[in-house]
Protein chains: 2
Amino acid sequence: MTYTIGKAAQMINLNAPTLRFYDKEGLLPFVERSEGGIRLFKETDFEWLRLIECLKATGMPIKDIKTFIGWCMEGDATLEKRREMFCERKAAVEQQMKEMQDTLDIVTYKCWFYENAVRLGSNEKAKELLETAMPAEMQARKEKLTAWCCR
Amino acid sequence: MTYTIGKAAQMINLNAPTLRFYDKEGLLPFVERSEGGIRLFKETDFEWLRLIECLKATGMPIKDIKTFIGWCMEGDATLEKRREMFCERKAAVEQQMKEMQDTLDIVTYKCWFYENAVRLGSNEKAKELLETAMPAEMQARKEKLTAWCCR
DNA sequence: TCTTGACTTAAAGTTAGCTTTAAGTATTAG
DNA sequence: CTAATACTTAAAGCTAACTTTAAGTCAAGA
């Protein structure tokens, strides 16, 4: 069972030009063609595509994904390179998670601040609450957060 | 105490052209100028800049940040709009965190898989371990993850 | 006063990752 | 066999967020 590019695109929530672009960039060396030159996507190709999406989600640029796919095609000789690459991706994502948690803490604090500001009808009055009325889950990060009071 | 654009840029780890670009895009209406037209960054301007960085970190485009800054300049009449905006940002970041956690789970699994593959010298031999030797912390997501075995 | 270095602007250039267009070929339903 | 639709390619276009360039102005030290 194979799929043309349009069907394949539908199935993974991309569009056909994007898949052609990936192919042109060297991300899809495993996709075979019909005699007439039509791309035929196999079931296993969808595993590759999901993996590509995963690597994109880690923030990996297309060129590096291409390099990785190339290693996969070379076989077991490149296992160590691939292991290293995934370690680096893991570290990168963990770093991004940390930064995003910091951002979330600030935004959560802002939500609380603006709820008060709206209730009291004024930014200035909300500021007066800062020392006294901060919820428990924010107290731990109070020092970090009170620098964020003003806007 | 005020700072020229070069000093200010250094202090917040941006560069001067980027700050000029932000200004041109309407993100820095609060920055005042000398008689000769030189931008003078005040202490409070750095609070604004940190807030802009925070909103950028949530994935907010510059145009929307500009809108928000505009609301701030209008005063307490826009408090409700600003509260809503922060709620939306909070939801957006929470969503991003969830997606990143899913990505991290897959990449963590990949690291484990490739450690085995390298140790055993072969992708195929590593696959044989999948059913028997998956670490406890991955067992919970086993069904999700075993679909990711191959590369 | 002069030089130097940092500032000013407008406008053009860059990068990543698509997305669209144009011209043409292949496949399938009737 | 024909028409309609989906595919093919190369190349141009798009968007966001800068970044660089060019030409000129401002400010501080010798």
Side-chain angles (χ1 to χ4, degrees), chain A residues 1-42 45 48-69 89 92 96 99 103, chain B residues 1-42 45 48-69 89 92 96 99 103:
Chain A
M1 184 64 187
T2 59
Y3 304 85
T4 62
I5 199 165
K7 299 276 170 61
Q10 265 187 332
M11 289 171 67
I12 51 167
N13 252 337
L14 287 176
N15 52 42
T18 300
L19 283 177
R20 290 200 189 94
F21 169 76
Y22 286 173
D23 197 9
K24 201 178 62 183
E25 295 294 306
L27 262 51
L28 315 181
F30 43 80
V31 173
E32 295 172 10
R33 303 277 187 132
S34 73
E35 286 185 13
I38 305 285
R39 290 178 190 84
L40 300 175
F41 287 78
K42 307 177 291 298
D45 295 347
W48 282 109
L49 288 169
R50 283 196 302 146
L51 180 51
I52 288 167
E53 289 303 294
C54 173
L55 292 175
K56 277 208 307 169
T58 72
M60 199 172 184
I62 282 179
K63 280 188 182 176
D64 294 354
I65 300 178
K66 176 188 172 172
T67 302
F68 167 76
I69 303 264
R89 284 299 93 203
Q96 290 170 50
E99 286 166 13
T103 298
Chain B
M1 183 66 187
T2 60
Y3 304 84
T4 62
I5 201 166
K7 299 278 170 61
Q10 266 187 332
M11 289 171 67
I12 51 167
N13 252 337
L14 288 175
N15 51 43
T18 301
L19 283 178
R20 289 199 189 95
F21 168 75
Y22 286 174
D23 197 9
K24 199 177 64 184
E25 296 294 306
L27 261 52
L28 315 180
F30 43 82
V31 173
E32 294 173 11
R33 304 274 187 132
S34 73
E35 286 185 11
I38 306 282
R39 288 177 191 83
L40 300 174
F41 288 78
K42 307 176 291 298
D45 295 348
W48 282 109
L49 288 169
R50 284 197 301 146
L51 179 52
I52 288 168
E53 290 303 295
C54 173
L55 291 175
K56 277 209 307 171
T58 72
M60 198 171 184
I62 283 180
K63 278 189 183 176
D64 294 352
I65 299 178
K66 176 186 171 172
T67 302
F68 167 75
I69 303 264
R89 284 299 92 203
Q96 290 170 49
E99 287 166 13
T103 298

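Chain A is the first sequence line, chain B the second, and so forth, proteins listed ahead of strands; every chain is numbered from 1.
L28(B) has its CG atom 15 Å from the C1' atom of dT8(C), to the nearest Å. Between the CD atom of E35(B) and the C1' atom of dT25(D) there is a distance of 15 Å, given to the nearest Å. When rounded to the nearest whole Å, the span between CG of D64(B) and P of dA16(D) equals 10 Å. Taking atom NZ of K7(B) as the reference point, atom C1' of dA27(D) lies 12 Å away to the nearest angstrom. In this entry the distance linking CD1 of I65(A) with C1' of dA16(C) reads 12 Å, nearest Å. Atom NZ in K66(A) sits roughly 17 Å away from atom C1' in dC18(C) (whole-Å rounding). Separating the CD1 atom of I52(A) from the C1' atom of dC18(C) is a distance of 15 Å, rounded to the nearest angstrom. Nucleotide dA10(C) holds its C1' atom 14 Å from the CZ atom of F21(B), rounded to whole Å.
Within the 4.0 Å cut-off from OP1 or OP2 of dC7(D), not a single side-chain nitrogen or oxygen of R39(A) is found. The phosphate of dT27(C) has OP1 or OP2 within less than 4.0 Å of a side-chain N or O from S34(A). A sub-4.0 Å separation between OP1 or OP2 of dC7(D) and a side-chain N or O of T4(A) is present. Remark: R33(A) is in phosphate contact with dT9(D), judged by side-chain N or O atoms under 4.0 Å from OP1 or OP2. Not one side-chain nitrogen or oxygen of Y22(A) sits closer than 4.0 Å to the OP1 or OP2 atom of dG17(C). An OP1 or OP2 oxygen of dC18(D) is reached within less than 4.0 angstrom by no side-chain nitrogen or oxygen of N15(B). Distances shown here put every side-chain N or O of T18(B) at or beyond 4.0 Å from the OP1 or OP2 atom of dA17(D). Proximity of K56(A) to the phosphate of dC18(C): a side-chain N or O atom is located under 4.0 Å from OP1 or OP2.
In this structure the side chain of I62(A) reaches within 4.5 angstrom of the side chain of Y22(A), judged on heavy atoms. Under the 4.5 Å side-chain criterion, counting only non-hydrogen atoms from C-beta, L14(A) is in contact with E53(A). The side-chain heavy atoms of I52(A) and L28(A), taken from C-beta on, include a pair separated by under 4.5 Å. At a threshold of 4.5 Å between non-hydrogen side-chain atoms, the residues F30(A) and I69(A) count as touching.
Residue I62(B) has its side chain nearest to dA17(D) when only dT20(C), dA17(D), dT9(C) are considered. Side-chain proximity of I38(B) to the nucleotides dC18(D), dC7(C), dC18(C) is greatest for dC7(C). Closest to the P61(A) side chain, of the nucleotides dA17(D), dT27(C), dG17(C), is dG17(C).
Toward the 5′ end of DNA chain C lies the nearest nucleotide of M60(A), the other residue of the pair P17(A) and M60(A) mapping further downstream. Two residues, A16(B) and K24(B), neighbour DNA chain C, and the one matched to the more 5' nucleotide by heavy-atom proximity is A16(B).
Atom NZ of K42(A) has more than 12 neighbouring heavy atoms from other residues, nucleotides or ligands inside a 6.0 Å radius.
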Is there a side-chain contact (heavy atoms from CB on, under 4.5 Å) between I12(B) and L19(B) once you walk through the steps? CA-CA 10 Å; I12(B) 51 167; L19(B) 283 178; 4.0 Å; yes
